[in-house]
Trainee: 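Structure in structure tokens, see below.
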Amino acid sequence: MNKTAKIILITVIVVVVIGGLGVAGIFASRVSMNPAGTVGNSAGNLNNEGLFCEYDGRVYFSNAADQGCLYSMNPDETDIRRLNMMKVRNLLAGGKYLYFYQMKSTAESGLGQIQGIRSFCRSSLSGSNITSLTRDVVLSGQLVDNYLYLLTSDSEAVSFYKLKIDKSEQVELANYTINPACARNGIIYYNGTQDNHYLYALNTATDVASELWRGNLWYPALDGDYIYYLDVAENYRLCRYSLNMNEVQVLTNDRVDCFNVGNGYIYYQKNDAANPQLICMRTDGTDSHAVAEGNFTHINMTSRFAYFQAFGNEGVTYHTPLGSSSYSEFSPRVD
């Protein structure tokens, strides 16, 4: 091979290698879409700050014992790992990614310019490769298929919009409050906030909302056939409405501050000046018993445990096995 031919061959090889690296980079940066039916977290968790999220055999959580940093573990609380140094809430998971609202980053995080910035982010399931999706103040967010549905606020107004997970599309859907926490099979269930508190369904395939039931409800949470909710007209007692039977069942006449439902159980905070309690009962209202005395909030649930915090003290999280009458401090650490 003569000198000219060698130069041409080397040039061709260099061009091919550079082109291959470019194509590889494009594919590496491409965001993988989710399977149909993806929902990021339960309504009960998201209505309680979204501090825990169980997905594909792992529990992702905001660790109050470590300044709210993002951690993961098995559902039985083994194999605890710190994923990054961000203080997070509104945790969502689907496909290959986590989504969360970053409250701040610690000084040791080494995250450069995103340190200390409030931002709604996407990351890998390992907590790395973090991408900021919006700097809006997010009040509530849910993942449905390949879109994030976000209720945001500034000093003057609220906005409810959908944002594609690769940031390629953003569409405002309402300029009033719609809580997207309750979702299943491409439908977001929410209570009205304008002229009534009826139950509505937003079809995410068409972005069209329809009226489902003329109740007077707040914080709808779907479990099985039932929408669990706070009855606004009756002192915020806890009820459930059957979507198939069009029937209402009163579960307790206690005034309820917050609740969560899943895996056969309901946990709720009883509002009682003389005797406030965290209560556990079955989803049909039976087997009701007190778990803890006092005022508690941020009730999150996984397949094995319920987690909660004392009102006014977000620095400590407690946990209780589902159905148990005892609880203890949950303080996971990684050296």
Side-chain angles (χ1 to χ4, degrees), residues 40-54 59-73 77 80-93 98-109 111 114-121 123 127 136-142 151-153 179 181 219 221 230 256-262 267-272 276-280 290-302 304-320 326-334:
N41 202 346
S42 69
N45 283 352
L46 293 176
N47 287 334
N48 285 275
E49 294 291 298
L51 302 179
F52 287 75
C53 178
E54 186 168 349
V59 174
Y60 302 90
F61 64 100
S62 172
N63 186 0
D66 189 14
Q67 304 179 69
C69 290
L70 179 60
Y71 276 61
S72 74
M73 63 182 176
E77 301 184 340
I80 296 170
R81 306 176 189 178
R82 182 167 60 192
L83 302 187
N84 60 47
M85 297 288 285
M86 291 181 168
K87 180 179 181 180
V88 298
R89 65 169 175 80
N90 206 118
L91 286 164
L92 308 169
L98 295 175
Y99 304 84
F100 49 83
Y101 188 54
Q102 172 204 351
M103 304 296 289
K104 69 175 183 179
S105 302
T106 64
E108 296 81 14
S109 64
L111 294 171
I114 67 170
Q115 179 178 324
I117 297 174
R118 292 175 182 262
S119 176
F120 203 89
C121 300
S123 78
D136 290 340
V137 176
V138 174
L139 304 178
S140 180
Q142 178 62 286
L151 176 64
T152 67
S153 175
N179 179 2
Y219 286 145
L230 299 184
V256 175
D257 287 334
C258 58
F259 75 95
N260 203 333
V261 56
Y267 286 80
Y268 72 89
Q269 175 60 37
K270 175 183 175 182
N271 182 316
D272 187 320
Q277 295 175 315
L278 179 71
I279 304 291
C280 171
V291 176
E293 305 290 331
N295 287 301
F296 298 93
T297 187
H298 299 162
I299 306 167
N300 281 239
M301 295 177 68
T302 66
R304 301 283 294 273
F305 290 89
Y307 300 87
F308 54 96
Q309 297 175 342
F311 182 78
N313 182 9
E314 297 183 1
V316 179
T317 297
Y318 301 97
H319 62 160
T320 177
S326 63
Y327 73 100
S328 59
E329 184 174 338
F330 176 64
S331 185
R333 296 184 181 274
V334 176

Trainee: Identify all side-chain donor-acceptor contacts of residues 291-301 below 3.5 Å with residues at least two apart in sequence or on another chain.
Mentor:
residue: Glu293; atom: OE1; partner: Gln277; partner atom: NE2; Å: 3.3
residue: Glu293; atom: OE2; partner: Gln277; partner atom: NE2; Å: 3.0
residue: His298; atom: ND1; partner: Gln309; partner atom: OE1; Å: 2.8
residue: Asn300; atom: OD1; partner: Leu51; partner atom: N; Å: 3.0
residue: Asn300; atom: OD1; partner: Phe52; partner atom: N; Å: 3.0
residue: Asn300; atom: ND2; partner: Asn48; partner atom: O; Å: 3.0
residue: Asn300; atom: ND2; partner: His298; partner atom: O; Å: 3.3

Trainee: What is the minimum heavy-atom distance between Ile279 and Ala290, and which atoms define it?
Mentor: CD1-CA, 3.9 Å
Trainee: Compare every heavy atom of Asn41 with every heavy atom of Cys53, then report the nearest pair and how far apart it is.
Mentor: CB-ND2, 3.4 Å
Trainee: Taking all heavy atoms of Gly44 and all of Ala221, pick out the closest pair and write down the distance.
Mentor: N-CB, 4.4 Å
Trainee: Mind listing the closest non-hydrogen atom pair of Phe61 and Leu91 along with its distance?
Mentor: CA-CD1, 3.6 Å
Trainee: Centres of the Tyr307 and Phe330 rings: under 6.0 Å?
Mentor: yes
Trainee: Using the rule side-chain contact (heavy atoms from CB on, under 4.5 Å), only one of Asn47, Asp257, Val256 pairs with Leu230; which is it?
Mentor: Val256
Trainee: Please round to the nearest 0.5 Å and tell me the distance separating atom CD of Glu77 and atom CZ of Phe305.
Mentor: 4.0 Å
Trainee: How many angstroms lie between OH in Tyr318 and CG in Leu278, if you round to the nearest 0.5 Å?
Mentor: 12.0 Å
Trainee: Taking all non-hydrogen atoms of both residues, which atom of Tyr219 and which atom of Phe259 are closest, and how far apart?
Mentor: O-CZ, 3.4 Å
Trainee: Using the test side chain to side chain contact (heavy atoms under 4.5 Å, CB included), find all partners of Thr152 that sit at least two apart in sequence or belong to another chain.
Mentor: Asp136, Val138, Leu150, Ser159, Tyr161
Trainee: Go through it in stages, so that I can follow the logic: the residues are Thr320 and Phe308, the test is side-chain contact (heavy atoms from CB on, under 4.5 Å), and I'd like the CA-CA distance, side-chain angles, deciding distance and then a yes or no.
Mentor: CA-CA 9 Å; Thr320 177; Phe308 54 96; 4.0 Å; yes
Trainee: Using a 3.5 Å distance criterion without hydrogens, assess whether the side chain of Asn90 forms a donor-acceptor pair with backbone atoms of Gly141.
Mentor: yes
Trainee: Looking at every non-hydrogen atom in both residues, tell me the closest pair between Ser123 and Gly127 and how far apart they are.
Mentor: OG-CA, 3.7 Å
Trainee: Determine whether Glu49 and Glu314 satisfy the following criterion, side-chain contact (heavy atoms from CB on, under 4.5 Å), listing intermediate values before the conclusion.
Mentor: CA-CA 11 Å; Glu49 294 291 298; Glu314 297 183 1; 5.6 Å; no
Trainee: What residues, two or more places apart in sequence or in another chain, satisfy side chain to side chain contact (heavy atoms under 4.5 Å, CB included) together with Arg81?
Mentor: Arg58, Ser72, Asp79, Leu83
Trainee: Could you give the distance from SG (Cys258) to NZ (Lys270), rounded to the nearest 0.5 Å?
Mentor: 14.5 Å
Trainee: Walk me through it: do Lys87 and Cys69 pass the test side-chain contact (heavy atoms from CB on, under 4.5 Å)?
Mentor: CA-CA 4 Å; Lys87 180 179 181 180; Cys69 290; over 6 Å; no
Trainee: Are Arg118 and Met103 close enough, and set up right, to give a side-chain contact (heavy atoms from CB on, under 4.5 Å), and what steps lead you there?
Mentor: CA-CA 5 Å; Arg118 292 175 182 262; Met103 304 296 289; 3.0 Å; yes
Trainee: Measure from the side-chain N and O atoms of Asn63 to the backbone N and O of Pro332, and report whether any donor-acceptor pair falls under 3.5 Å.
Mentor: yes
Trainee: Has the side chain of Ser119 got a donor or acceptor atom that lies under 3.5 Å from a matching backbone atom of Gln102?
Mentor: no
